[in-house]
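Residue numbers count from 1 along this sequence. It should be emphasised that the depicted structure is a prediction, and the values quoted were computed from it without experimental measurement. For ligands, and for the atoms within them, numbers begin at 1 and follow the listed sequence.
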Amino acid sequence: RVLSSSSSPTLTQEEADEVVGKGSSLIDVNPPRGTRDFPPDDMRLRNWLFQNFREVSRILSFEEVDFPVLESEALFIRKAGEEITQQLYNFEDKGGRRVVLRPEITPSLARLVIKQGKSVSLPLKWFTIGQCWRYERMTRGRRREHYQWNMDIFGVSKVRGEAELIQAIVLLFERLGINSSDVGIRVSSRKVLQAVLQMYAIPENLFTQVCVIVDKLGKITREEIEKELLSLGVSIQAVNGIIEVLSLKSLSKLEEVLGSEEEAVSELKKLFSLAESYGYADWICFDASVVRGLAYYTGIVFEAFDREGKLRAICGGGRYDRLLSTFGSEDIPACGFGFGDAVIVELLKDKGLLPDLAHRVDDIVFPLDEVLDGTASRIASSLRKKGRSVDLVEDKRLKWVFKHAERIGASRLILVGNSEWERGAVRVKNLSTREEFEVKIDELV
Ligand SMILES: CC(=O)Nc1cnc2ccccc2c1
């Protein structure tokens, strides 16, 4: 019964295998490769993070929606060479249908908006927190699932949409104790790249693939990027022009290159002006190298990063005005972001901002004599009906009960003893003041 004792630390796989060696048929107790269990401590942290996601969504007056984790594979088949579509967790179900564990949320959102059609009034602002999957060769030992908070606005074509989304992100960081000296938000627009491709007369139909390639700037070498662009038929002059413009970090320099009439420039200037009005201007900076790796972005794109440069992007998003037409529907202007549950926790750890979330209960009820177990149950039940969280403990020595009370942060210890009970009372120990007094049962609240 090695695995049952709760006091021993979790067994390593080797120890568990050793137990198997003793002839018992212990199954592999680990979750599937690349996935996580959430034991109580981890689940408290996750609930704390998700509660903050929900609170910010409420404050921005977004409505919660949800979708199946399982989706039709067709929703995610895209030809732009994105990493996310090359790692689809896809399979054929028993009905011969091609399905996937979704790698992202946005296509499901688009599907529901199309399905709801005329019955939704625009603009609509929806959010969800959902698990997303990828099937990656475990060579990189990376996770195959994570939870993502998504916020999306459909029916707003102006940069007010993106400005609202960025406020949500800033509010979330501030709620977690992160400030603009810890984290910045790089902002650009795919219309910058679009303008550059036009300057070099590169065919429109290469736009999406070029975006996916230049998104890898800083992740793979410049030679690699050049090679992939050249293989698309982009001239070496265009490649150099693209990389030169994408290294711009000043909006006025961009205006010099593209001119103030260029939509990319006017939209970005409007967004930075709105940022001043929202009061989050010190969080954002123009950085033309931001393109994001998803094929369907068409305009403003943004990503939050830690200013120490230690971590991958914390969250990211942008405008995707032409996603619905890729599913055969009328286009509706849209913008949104995804915020994963992994990098943010690394950042909080680095900044010493992880909250101390202990298991807390209000009362422990403990019969000092087993003949009082019925009475103890009655007391526990009446406290629970009043909404108090009660841990009813039996078959334990009093010493253990005191330690347990400390461990779970109980506020009160209610001891049911024969002598008190004869007087219709119980002994109550206040575990923060250490005071102890006798309380008539009908005065116990
Ligand atoms: C840091 C991390 O866990 N990233 C991660 C983990 N799982 C994913 C699954 C699908 C898509 C993106 C994913 C990204």
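Between Glu308 and Lys351 a salt bridge is recorded (basic side-chain N to carboxylate O distance below 4.0 Å).
A donor and an acceptor atom, one from each side chain of Asp282 and Ser180, are located under 3.5 Å apart. In this structure, a donor-acceptor pair under 3.5 Å is present between the side chains of Ser325 and Asp331.
Atom 11 (C) of ligand 1 has its closest protein heavy atom at Pro103 O, 3.4 Å. The protein atom (non-hydrogen) at minimum distance from atom 12 (C) of ligand 1 is His146 NE2, 3.5 Å. At the top of the distance list for atom 4 (N) of ligand 1, counting protein heavy atoms only, stands Arg134 NH2, 3.7 Å.
Cys132 counts as a contact of ligand 1, since one of its heavy atoms falls under 4.0 Å from the ligand.
The contact set between ligand 1 and Arg312, taken as ligand atoms under 4.0 Å from a residue heavy atom, comprises 1 (C).
Pairs of residues two or more places apart, or lying in two chains, that qualify as ring-ring contact (aromatic ring centres under 6.0 Å, His included) and include a residue from residues 333-358 are Phe53-Phe339, Trp149-Phe337, Trp149-Phe339, Phe173-Phe339.
Evaluation of the side chain to side chain donor-acceptor pair (under 3.5 Å) rule for Tyr297 yields no partner, not counting sequence neighbours.
At a heavy-atom distance under 4.0 Å, only side-chain atoms of Ala342, from C-beta outward, approach ligand 1.
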